[in-house]
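Let me begin by presenting the structure, written as structure tokens, before commenting on it.
Predicted, not measured: the structure shown is a model, and the values here were computed from it. Indexing begins at 1, ligand by ligand and atom by atom, following the structure's order.
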Amino acid sequence: MCGILGYCAPKWDPGLAKFFGLQGFNLQHRGQENFGCTYSNGKKFNHFKDRGLVSQVFTKERRDEFNATEPRIAIGQTRYATAGGTDAISAQPHWMTLLDGFYSNATNGDLPLLQKEIDDLEARGSVMLSRNDGEVVLKKILYGARDNGGDLLAGIKYLMETTPGAYSGCLMTLETLYIYRDPYGFRPLYYGKWRDATIFASESCAFNERDAKIQREVRPGEVIVVDLSGRREHHQVVEPKTPSKKCIFEPIYFGRPDSKVFNDDKEIGHFRVESGRQLFREHPVEGAAVIPVPDSGRFAAVGYAHEGGLPVRELFIRNPYIPRTFQIAGQATREDLVRLKFTIMVSLLREYKKFVIVDDSLVRSTTMRILVSMIREAATKAGIDSDDIEFHIRIASPPIKGCCYYGIDTPVSKELIAANQSVEKITKAIGASSLSYLTLEGLDTVAQDFDEPDNFCHACFTGVYPTEYQTRER
Ligand code: SF4
């Protein structure tokens, strides 16, 4: 999963550099492994990409260079590696200088036939620098353009007609910006205005600045072309797929709660609160204190508590300087980090004898299992008998049964707890009193407030994938 961002402006405005950096910070939750940027002032381009957060990669030296160039087009990407390593070569944007010009591209999403696409490109003589989707997308666009007299719009159309998968992307030359979204619309993408500039970003939270205004979502199959003269054109280059397949995990887990994605009116936080309400209606626990798993379960816990008339209490205190465990490779590291990340408010264990612990999803169950054992350890240390306390686990999404081929790095099935064990076994392994998930029907009830449920991808819950894919199962 990644975040893309950028702008195209008819004239240089010194405020653009600050705005661009702010966009990157506001999309940091979508990817923390790499940041990269390409920019142009119409005559010359520059670029950088590296491992690390926006604050680590967009250094003072690079900001000074950026400002000195006075770029009127810039694209950037915060990356969470799902294809290719975390080295700078695999990071995005990718760029190429050909005889007829300079091109740079960044995407958000994955290609489910990535290896086949790479094999096809290599068979055509392409030299791949990375195994990353964004490089495949750039090369396919350029092949499509070459076969159509250099027309990049035709190149993007060729990409969309021949490449199943998730790609909300941006492509730039020295003088023109192209913003595009795959025909299924798996990943969110918004555009808008900042003063005279056209701006775009994966989520609307990147427009949280006084002079920025959201226009709307980029439509599936649409390309928006903007150039340095201020001209902006909209092209529906391929018909959007019906139904679309917007990733339901964006509102469940990935997007920032203050973002609007897939809906121009309501923030994701509303979706999560409603999921919690629905979860209580389906799986009530009366007379309990509701405990959010910070921060992922917070909104659903509030919804659960409101619906049940229950108190919300903070049992887990999270150290904000430890990164999201889901994005750390390696089981041992993940377990260590959960213990480092959370501490327990022991006094609550004297106040209540029944708790409902709410989280947005259960992937491997590592975090939940360790949290419950940490509570029991903390209770024992404080002389409290934890066998007298009930811990009910409520999950605000259905059991995850399959991996994602469209840009979220869910593990392969053998690592997904719900794909391998019954609810009873998982409950026992976690050490909980009960465990219940939101049903798929319940999720659809919540989703319909945002869009028709059919317009969402549910493949990791159902195993029914909307496109061809090459299995990652080993
Ligand atoms: Fe989202 Fe799951 Fe579909 Fe992947 S498979 S796009 S995570 S709903």
Which atoms of the protein, restricted to N, O or S, are nearer than 2.8 Å to atom 1 (Fe) of ligand 1?
Cys247 SG
For Asn105 and Tyr180, what are the C-alpha separation, side-chain angles and deciding distance, and is it a side chain to side chain donor-acceptor pair (under 3.5 Å)?
CA-CA 11 Å; Asn105 183 73; Tyr180 57 91; 2.6 Å; yes
Taking only heavy atoms of Arg187, which atoms of ligand 1 are found under 4.0 Å from at least one of them?
6 (S)
Please verify the inter-ring angle class for Phe19 with Trp194; under 30° counts as parallel, over 60° as perpendicular, anything in between as tilted.
parallel
Assess the residue pair Asp359 and Ser296 against the criterion (side chain to side chain donor-acceptor pair (under 3.5 Å)); give the C-alpha distance rounded to whole Å, side-chain angles, the decisive distance to 0.1 Å, and a yes or no.
CA-CA 6 Å; Asp359 207 352; Ser296 50; 2.7 Å; yes
If you look only at distance, which donor and acceptor atoms sit under 3.5 Å apart when one is on a side chain in residues 440-447 and the other is two or more places apart or in another chain?
residue, atom, partner, partner atom, Å
Asp444, OD1, His458, NE2, 3.0
Thr445, OG1, Glu441, O, 2.9

Determine whether His235 and Glu222 satisfy the following criterion, side chain to side chain donor-acceptor pair (under 3.5 Å), listing intermediate values before the conclusion.
CA-CA 6 Å; His235 300 268; Glu222 183 182 30; over 6 Å; no
Is the shortest distance from a Lys or Arg side-chain nitrogen in Arg364 or Glu415 to a carboxylate oxygen in the other one below 4.0 Å?
yes
